[in-house]
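What's counted below: heavy atoms across the whole structure, side chains too, no hydrogens, waters or symmetry copies.
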Protein chains: 2
Amino acid sequence: MRDEVDDLVEAWGRERGDLDLAPVEVFSRISRLARHLDLARRDAFTAHGIESWEFDVLAALRRAGAPYELSPGRLLRETLVTSGTMTNRVDRLTARGLVERLPDPRDRRGVLVRLTLEGKAAVDGAFEALLAAEADLLADLPDRDRTKLAALLRSLLAPFGSPTP
Amino acid sequence: MRDEVDDLVEAWGRERGDLDLAPVEVFSRISRLARHLDLARRDAFTAHGIESWEFDVLAALRRAGAPYELSPGRLLRETLVTSGTMTNRVDRLTARGLVERLPDPRDRRGVLVRLTLEGKAAVDGAFEALLAAEADLLADLPDRDRTKLAALLRSLLAPFGSPTP
DNA sequence: GGGAAGTATCTCGACATCAAGACATATCAC
DNA sequence: GTGATATGTCTTGATGTCGAGATACTTCCC
């Protein structure tokens with residue numbers, strides 16, 4: 001089975017036969033898969049009326065467990081966006097009634113963002129749809145290969161370290 | 001070795017133990033690796049004075065082979081951006097002297113974008129830097145594992161088909 | 001306690017991208 | 001040939017993100 005990257009590597013090989021293109025075989029595929037996944041995610045979510053950036057925020061709150069509250073600072077570290085962006089996102093999610101802002105009782109500088117019941121329902125539905133769509137993409141891969149793939153990816157990802165201190 | 005996604009899966013497992021999280025083990029790692037790679041790319045390129053979007057365009061021209069010419073339409077299919085974006089990018093690359101616009105001799109609606117000598121030097125230097133940076137990330141992975149990883153990724157990517165008709 | 005430094009959040013301006021439409025030229029059917 | 005449709009590129013307006021700065025509160029140290 002041939003893929004887009006085989007073409008890419010072939011073209012580079014013609015032009016720069018002097019270089020070792022082995023890294024491209026791995027990383028180009030990862031980048032391209034990530035792009036296709038973004039589109040698949042988008043599709044899965046629009047069926048549930050939410051967008052990818054909304055899912056990112058709601059999912060972080062959902063994973064935190066009851067009472068589904070996190071500070072904006074924690075949220076921006078989880079989702080890797082800047083503070084200005086997070087303010088904007090929380091504004092829009094509040095307007096849609098999926099989250100609400102509360103004063104932080106332990107720090108009067110701070111705020112807590114809390115999932116509403118409606119937000120919890122939305123993120124749970126969207127997550128199930130996402131898992132279903134992703135499971136489809138893995139349908140042809142034997143369990144054994146899937147496990148091996150996850151392990152190899154882990155060994156590449158682990159050195160980057162966790163972004164949540 | 002533990003990675004960010006192990007934490008992620010653990011958190012989801014606590015909250016939604018009813019779901020099969022196997023797809024997350026694969027696709028979350030791919031998405032996160034892609035993000036880290038973007039940053040690594042950015043670093044490798046800034047040392048050579050160009051930005052990631054510039055590399056995407058210049059590399060497409062470079063891979064095409066001499067005389068390093070492609071139409072804007074072809075470029076936007078290669079780089080997956082819209083036509084407005086490509087117009088803007090070619091404008092800026094032209095201003096920097098890395099590419100030039102020529103009328104297409106075979107179609108008077110059309111234009112050809114051609115790499116300048118300066119552009120060719122820039123993209124070649126940047127590509128070598130990128131390969132070096134990526135090779136570093138693979139340093140701890142035995143050749144055999146790297147090959148296996150590339151093959152598994154290919155089997156996921158192939159069904160998406162080639163974007164260049 | 002009082003002042004300095006640190007932390008948390010929000011505001012504002014700049015910018016790259018997208019989506020839709022405008023315009024010019026090519027291609028096809030008759 | 002002529003008209004209708006398709007194609008290729010550029011323009012325009014809206015939007016989301018980033019980065020830097022502003023503001024408010026807390027914490028640390030003397």
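Rounding to whole angstrom units, CG of residue B:Leu76 and C1' of C:dA16 are separated by 16 Å. Note: CZ (A:Arg74) to P (C:dT9) measures 12 Å, nearest angstrom.
Here the side chains of B:Arg35 and A:Phe160 are not in contact, with every heavy-atom distance at 4.5 Å or above.
Between C:dT17 and B:Thr85, no contact under 4.0 Å exists linking OP1 or OP2 to a side-chain N or O.
Applying the side-chain contact (heavy atoms from CB on, under 4.5 Å) rule to B:Val81 yields the partners B:Leu76, B:Thr79, B:Thr85, B:Met86, B:Arg89; only residues at least two apart in sequence or on another chain are considered. Taking the side-chain contact (heavy atoms from CB on, under 4.5 Å) definition, one finds that A:Asp107 meets it with A:Asp104, A:Arg109, sequence neighbours left out.
The cationic atom of B:Arg92 (NZ for Lys, CZ for Arg) lies less than 6.0 Å from the six-membered ring centre of B:Trp53 and within 45° of the ring axis.
A donor-acceptor distance shorter than 3.5 angstrom exists from the side chain of B:Thr46 to the backbone of B:Asp43, with no hydrogens or angles considered. A donor-acceptor contact shorter than 3.5 Å links the side chain of B:Ser155 to the backbone of B:Leu152.
Taking every heavy atom of residues 35-62 of chain A and every atom of DNA chain D, no pair lies under 4.0 Å. Contacts between residues 87-96 of chain B and DNA chain C, counted as heavy-atom distances below 4.0 Å, involve B:Asn88, B:Arg89, B:Arg92. A heavy atom lying under 4.0 Å from DNA chain D marks the following residues of residues 99-109 of chain A, by number: A:Asp107, A:Arg108, A:Arg109.
If you check every strand for non-hydrogen atoms under 4.0 Å, A:Gly73 touches sugar and phosphate atoms only.
Remark: B:Asp6 engages B:Arg29 in a salt bridge, criterion side-chain N to carboxylate O under 4.0 Å.
With rounding to the nearest 0.5 angstrom, the CD atom of B:Glu134 is 11.0 Å from the CG atom of A:Asp20.
Helix bend of the helix from C:dG1-D:dC30 to C:dC30-D:dG1: the angle between its two end axes, each built from five pairs, comes to 30° after rounding to 10°.
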